[in-house]
Asker: 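The structure that follows is given in the form of structure tokens.
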Amino acid sequence: MNTEMLYALRDVAGVPSHPVLFLILGVLTFALHILTVQVMLGASGLVIWGALSKDAYKRQLAQAMLGTAKIAVSVAVVLGVAPLLFVQVIYDPFWYTSNVLSATWVIGFIVILTVGYLLMYFFYAKNHHLATQKTVCPGSMILSLALMLVVGFIMHVLVVQMLSPDQWMQWYAPNGEIDASGRGLHAYNLWRFAFFISLSVLVIGSWLLAYRHYISHRTDVDSGYLQWLKGLAGALSLAGGILAIGFGIGWMLTLPESQASFGFSPWVWLAALMIALTAVMPKLMGNKVNAPLFGYGLFGLAAVALILVAVAREMLRWNILFGDFGYNALDYAVNMDWYSTLLFFGTFLIIGGTVLAYFLTVAWQAGQTDGVYTPSPAVTRLGNLSIILITLWIIHFFVLGLWVWLG
């Protein structure tokens, strides 16, 4: 696949804003998406661990993490749309080709994700009192986690395949025989996949410290449980950091020969150092993790680590597609569309910011309240404003669509 052909596969309409904007947004939204995926995977693992145990603390944690995992899946799905949109805007020749080559799995992705989510909800519905009662149908949660990993592997394959345009024809027509079934999973790197999965251990360790501080002000929480959570969070953070760095080294060692030097680039070193810092910080902080700055800040540190991982991942993609195949995403033709650009940022900052502020306020205050939580008038007004803004956006969506259609 030569460079001219790759350029010919671009959208002739160009892009509605400068490609740099899509690169930056792609990195940031991927980092947010993968952060929630890590929380979901880590929480699901703790649910299974606790559900299969008779230990009271483990079962109490499993009860809490079940709610976390359930919400994290929905947030991960919503946040996962954005990086997919951004990557298909400036890397469309690669992304669409990879999807066509494995079309059956792309369609199956939705089915598998749906089944996995329903299994998690089934387990949730059957185990409302997991902390105090016998676990019902633990196999449903185990299968749910397994299917989530399958979904992640499919996405991993699609990303790896898009980085190998020199092999597309061989995959599409092996030995000269066209295979249009889309049933193949043609390329993968288990070290890379294991690296991203192992990050869930690191992230959930930081999440547990935030969760521990979140419930520490409640009078109905056992101090022994809080101390146990602190030890578990520190152990998971350290183990997760070691695993991630180990798998990351394996990933760098298995890069294409043309990219072998990337493992020594500043991007990789920065990400590795931040992962290591996140891993050891709970041990270094000691009792300081009881302070809000560190209790919540360590999860923020994990988020920064994942942003640096996302940056390194994007730089590797750039090095491969530009360095090996001559594709420059930054020279994509720009047909500036100020309306869609301003609409995106307005939706993200105004509507998204208001709704998120409402959800976080309610979650924070409810967690600090013993018994039934009743929102204050100010919080209620914020909730009503969120509903009004969403309603106006939906009306605008249909009005604009009708205007374009009728025009």
Asker: Once the angle between the rings of Y57 and W228 is folded into 0 to 90°, is it parallel (under 30°), tilted (30 to 60°) or perpendicular (over 60°)?
Answerer: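 The rings of Y57 and W228 sit tilted, inter-plane angle from 30° to 60°.
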Asker: Return the minimal non-hydrogen interatomic distance between S102 and G184, and the atom names on each side.
Answerer: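 Of all heavy-atom pairs spanning S102 and G184, the closest is OG-O, 2.6 Å.
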Asker: Is there a donor-acceptor pair under 3.5 Å between the side chain of Q365 and the backbone N or O of Y373?
Answerer: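 No.
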Asker: Would you say the side chains of Y332 and D11 form a donor-acceptor pair under 3.5 Å?
Answerer: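 No, D11 and Y332 have no side-chain donor paired with an acceptor closer than 3.5 Å.
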Asker: Rounded to the nearest 0.5 Å, what's the gap from OG on S386 to CG on L382? Could you check?
Answerer: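 One finds 5.0 Å between OG of S386 and CG of L382.
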Asker: May I ask you to decide if S140's main-chain N or O and S144's side chain share a donor-acceptor pair within less than 3.5 Å?
Answerer: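 Side chain of S144 to backbone of S140: no pair is present.
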Asker: Taking everything shown except W191 itself, do over 12 heavy atoms lie less than 6.0 Å from its CH2?
Answerer: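 Result for CH2/W191: open.
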Asker: With side chains defined as the heavy atoms from C-beta onward, is the minimum distance between V81 and T29 less than 4.5 Å?
Answerer: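 No, side chains not in contact.
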Asker: Can you name the nearest heavy-atom pair linking L209 to K230, along with the distance?
Answerer: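 Looks like CD2-CA, 4.4 Å.
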Asker: Checking T254 against R192: is there a side-chain donor and acceptor pair closer than 3.5 Å?
Answerer: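 No, T254 and R192 have no side-chain donor paired with an acceptor closer than 3.5 Å.
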Asker: Can you confirm whether M315 sits close enough to S265 that some side-chain heavy atom of one is under 4.5 Å from a side-chain heavy atom of the other?
Answerer: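 Not in contact.
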Asker: Checking side-chain polar atoms at under 3.5 Å, does Q259 have a donor or acceptor matched by the opposite partner on D324?
Answerer: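 Yes - a donor-acceptor pair under 3.5 Å links their side chains.
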Asker: Go through it in stages, so that I can follow the logic: the residues are Y327 and R10, the test is side chain to side chain donor-acceptor pair (under 3.5 Å), and I'd like the CA-CA distance, side-chain angles, deciding distance and then a yes or no.
Answerer: CA-CA 11 Å; Y327 182 87; R10 281 179 165 180; 3.0 Å; yes
Asker: Has Q63 got a side-chain atom pairing as donor or acceptor with A131's backbone, closer than 3.5 angstrom?
Answerer: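 Such a contact is found between Q63 side chain and A131 backbone.
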Asker: Looking only at side-chain N and O atoms, does R381 offer a donor or acceptor that is under 3.5 Å from a partner on Y358?
Answerer: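 Short answer, no.
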Asker: Classify the ring geometry between Y225 and Y211 as parallel (under 30°), tilted (30 to 60°) or perpendicular (over 60°).
Answerer: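 Because their plane-to-plane angle is over 60°, the rings of Y225 and Y211 count as perpendicular.
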Asker: Going by atom types alone, do S181 and D179 pair a side-chain donor with an acceptor below 3.5 Å?
Answerer: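 Present: a donor and an acceptor within the cut-off.
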Asker: How about W267: does its CH2 atom have over 12 heavy atoms from other parts shown lying under 6.0 Å from it?
Answerer: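 Atom CH2 in W267 is not crowded, with 12 or fewer foreign heavy atoms closer than 6.0 Å.
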Asker: Atom OG1 of T347 and atom CD1 of I390: how far apart are they, to the nearest 0.5 Å?
Answerer: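 With rounding to 0.5 Å, OG1 (T347) is 11.0 Å from CD1 (I390).
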Asker: Nearest 0.5 angstrom please: I90 CD1 to L25 CG, how far?
Answerer: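 One finds 10.0 Å between CD1 of I90 and CG of L25.
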Asker: Would you say the ring centroid of F193 lies under 6.0 angstrom from that of Y188?
Answerer: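 Between F193 and Y188, the centre distance exceeds or equals 6.0 Å.
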Asker: In terms of ring plane angle, is the pair Y296 and H213 parallel, tilted or perpendicular, where the classes change at 30° and 60°?
Answerer: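 Rings of Y296 and H213: perpendicular, as their planes differ by over 60°.
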Asker: Which atom pair, heavy atoms only, marks the closest approach of S340 to P16?
Answerer: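 Distance-wise, the nearest heavy atoms are OG-CB, 4.1 Å.
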Asker: If you draw a 6.0 Å radius around CH2 in W251, do more than 12 non-hydrogen atoms from other residues or ligands fall strictly inside?
Answerer: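 Count over threshold, so yes.
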Asker: Is a side-chain N or O of R59 found less than 3.5 angstrom from the main chain of T132, in a donor-acceptor match?
Answerer: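 No: the side chain of R59 does not pair with the backbone of T132.
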Asker: Please find the pair of heavy atoms, one from G50 and one from A62, that lie closest to each other, and give the distance.
Answerer: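 Heavy atoms of G50 and A62 come nearest at CA-CB, 3.8 Å.
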Asker: On the 0 to 90° scale, with breaks at 30° and 60°, tag the H128-Y124 ring pair as parallel, tilted or perpendicular.
Answerer: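 H128 vs Y124 ring planes: perpendicular.
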Asker: Apply side chain to side chain contact (heavy atoms under 4.5 Å, CB included) to residues L402 and V399 and explain how you reach the verdict.
Answerer: CA-CA 5 Å; L402 286 171; V399 169; 5.9 Å; no
Asker: Could you tell me whether a side-chain N or O of S98 sits under 3.5 Å from a main-chain N or O of F94, the two making a donor and an acceptor?
Answerer: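 No, because the side chain of S98 does not come within donor-acceptor range (under 3.5 Å) of the backbone of F94.
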Asker: Could you walk me through whether S17 and F344 pass the side chain to side chain contact (heavy atoms under 4.5 Å, CB included) test, one step at a time?
Answerer: CA-CA 12 Å; S17 189; F344 169 79; over 6 Å; no
Asker: State which residue, out of L130, L52, I48, V47, fulfils the side-chain contact (heavy atoms from CB on, under 4.5 Å) condition with T135.
Answerer: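 Looking at L130, L52, I48, V47, the match for T135 under the side-chain contact (heavy atoms from CB on, under 4.5 Å) is L130.
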Asker: If you define the side chain from C-beta out and look only at heavy atoms, does anything of F122 sit under 4.5 Å from M141?
Answerer: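 No, side chains not in contact.
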Asker: Answer yes or no: is there a donor N or O on one side and an acceptor on the other, between the side chain of S237 and the main chain of G234, under 3.5 Å?
Answerer: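 A pair under 3.5 Å: no.
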Asker: Can you name the closest pair of heavy atoms from N189 and H156 and give their distance?
Answerer: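 Minimum heavy-atom contact is N-NE2, 3.0 Å.
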